[in-house]
Amino acid sequence: MISAADVTGCPQPRLPEYAFFGRSNVGKSSLINMITGVKNLARTSSTPGKTQLLNYYMVDEDTWYLVDLPGYGYARTARTKRKKWETVIEQYLIKRVSLMSTFILIDSRLPLQDNDHEVISWFGEKQLHFTVILTKTDKLTSNQLASNAEAIKKVLRDEWEELPMFIISSASKGVGRDEILSFIENTNRLFKPGS
């Protein structure tokens, strides 16, 4: 619908919205395409850092917005440009009244990366609602997935009294789609337009 360079370019806050946020190359575009059921809606790329705007997609016939945020952690992006993105994203996450929740995407194949940890800690400090989505789980055996998920949770337990919600996903297998959409449907009921 809209690609906004900053918060002022976002649509009027008349509908609930859900942001998708993660390290570059975490599989965000593939997940968005899987959730919406539209191939190539969000462009997948072998080049990390492709998303550079706040991309708004209307979902379920004028029911809610899916917001694709620029990825983080891509070292080859110029520092000044990266700083600008970070400021835009922070302002959006803090100020956007219609943002109901953010899905933070984490690659299930890796230990919790420092920048993922920093993002999760920042959400905690700002008391912003989020859910963790573990991506690319089809690349692991069930034992590997259980072990990796537990290792990530163990790191977070050191600083969190209560862990955030975790959703297991695989864009190629359609895993996690129903759980994500069910969460959104239930959360939409809490939305108050213009609040």
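Note that the structure is a prediction, hence the values are computed from the model and not measured.
Side-chain contact between His117 and Val155 is present, with at least one heavy-atom pair separated by less than 4.5 Å. Using a 4.5 Å heavy-atom cutoff, the side chains of Asn55 and Val67 are not in contact. Side-chain contact between Asn188 and Tyr18 is present, with at least one heavy-atom pair separated by less than 4.5 Å. When side chains are defined from C-beta on, Ile184 counts as touching Trp64, because their heavy atoms get closer than 4.5 Å. Under the 4.5 Å side-chain criterion, counting only non-hydrogen atoms from C-beta, Val59 is not in contact with Ile35.
Looking only at distances, a side-chain donor or acceptor of Asn148 sits under 3.5 Å from a matching main-chain atom of Ser108. No side-chain donor-acceptor contact under 3.5 Å links Arg23 to the backbone of Asn115.
Here Asp68 contributes atom CG and Tyr56 contributes atom OH; the two are 11.5 Å apart, rounded to the nearest 0.5 Å. Here Phe20 contributes atom CZ and Ile104 contributes atom CD1; the two are 12.0 Å apart, rounded to the nearest 0.5 Å. From Glu185, atom CD reaches atom OG of Ser182 across 6.5 Å, with rounding to the nearest 0.5 Å. Distance check: Leu53 CG to Ile2 CD1 gives 12.0 Å after rounding to the nearest 0.5 Å. Atoms CG and NZ, on Asp158 and Lys153 in that order, are 15.0 Å from each other to the nearest 0.5 Å. Rounding to the nearest 0.5 angstrom, the gap separating the CG atom in Leu105 from the CG atom in Leu69 is 10.5 Å.
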Under the side chain to side chain contact (heavy atoms under 4.5 Å, CB included) criterion, do Asp62 and Arg14 qualify, and how do the steps go?
-> CA-CA 10 Å; Asp62 212 25; Arg14 65 183 187 85; 2.8 Å; yes
Stepwise, does the side chain to side chain contact (heavy atoms under 4.5 Å, CB included) test hold for Met165 with Phe183?
-> CA-CA 10 Å; Met165 180 178 170; Phe183 170 83; 3.9 Å; yes
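Residues Ser121 and Glu159 share a closest heavy-atom pair of OG-OE2, 2.7 Å. Contact between Pro11 and Tyr65 at its shortest, heavy atoms only, is CB-OH, 3.8 Å. Closest approach of Phe21 to Val119, counting heavy atoms only: CE2-CG1, 3.9 Å. Residues Ser98 and Pro13 share a closest heavy-atom pair of OG-CB, 3.4 Å. Across all non-hydrogen atoms, the minimal contact from Pro16 to Thr63 is CD-O, 3.5 Å. Counting all heavy atoms, side chain and backbone alike, Leu110 lies closest to Ile152 at O-CD1, 4.1 Å.
Leu163 and Trp122 fall within the same hydrophobic cluster, defined by Ile, Leu, Val, Met, Phe, Trp and Tyr side-chain heavy atoms under 4.5 Å apart, directly or through other members.
No side-chain donor-acceptor contact under 3.5 Å links Tyr92 and Asp6.
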For residues 128-141, which side-chain N or O atoms pair as donor and acceptor with protein atoms under 3.5 Å away, sequence neighbours left out?
residue, atom, partner, partner atom, Å
His129, ND1, Ser101, OG, 2.6
Thr135, OG1, Val26, O, 2.8
Thr135, OG1, Ile106, O, 3.4
Lys136, NZ, Asn25, O, 2.9
Thr137, OG1, Ser169, O, 2.7
Asp138, OD1, Ser170, OG, 2.8
Asp138, OD2, Ser172, OG, 3.3
Thr141, OG1, Gln144, N, 3.1
Thr141, OG1, Gln144, OE1, 3.4

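For Asn186, the CG atom is densely surrounded, since the number of other residues' heavy atoms within 6.0 Å is greater than 12. Within 6.0 Å of the CD atom in Gln12, the count of heavy atoms belonging to other residues, nucleotides or ligands does not exceed 12.
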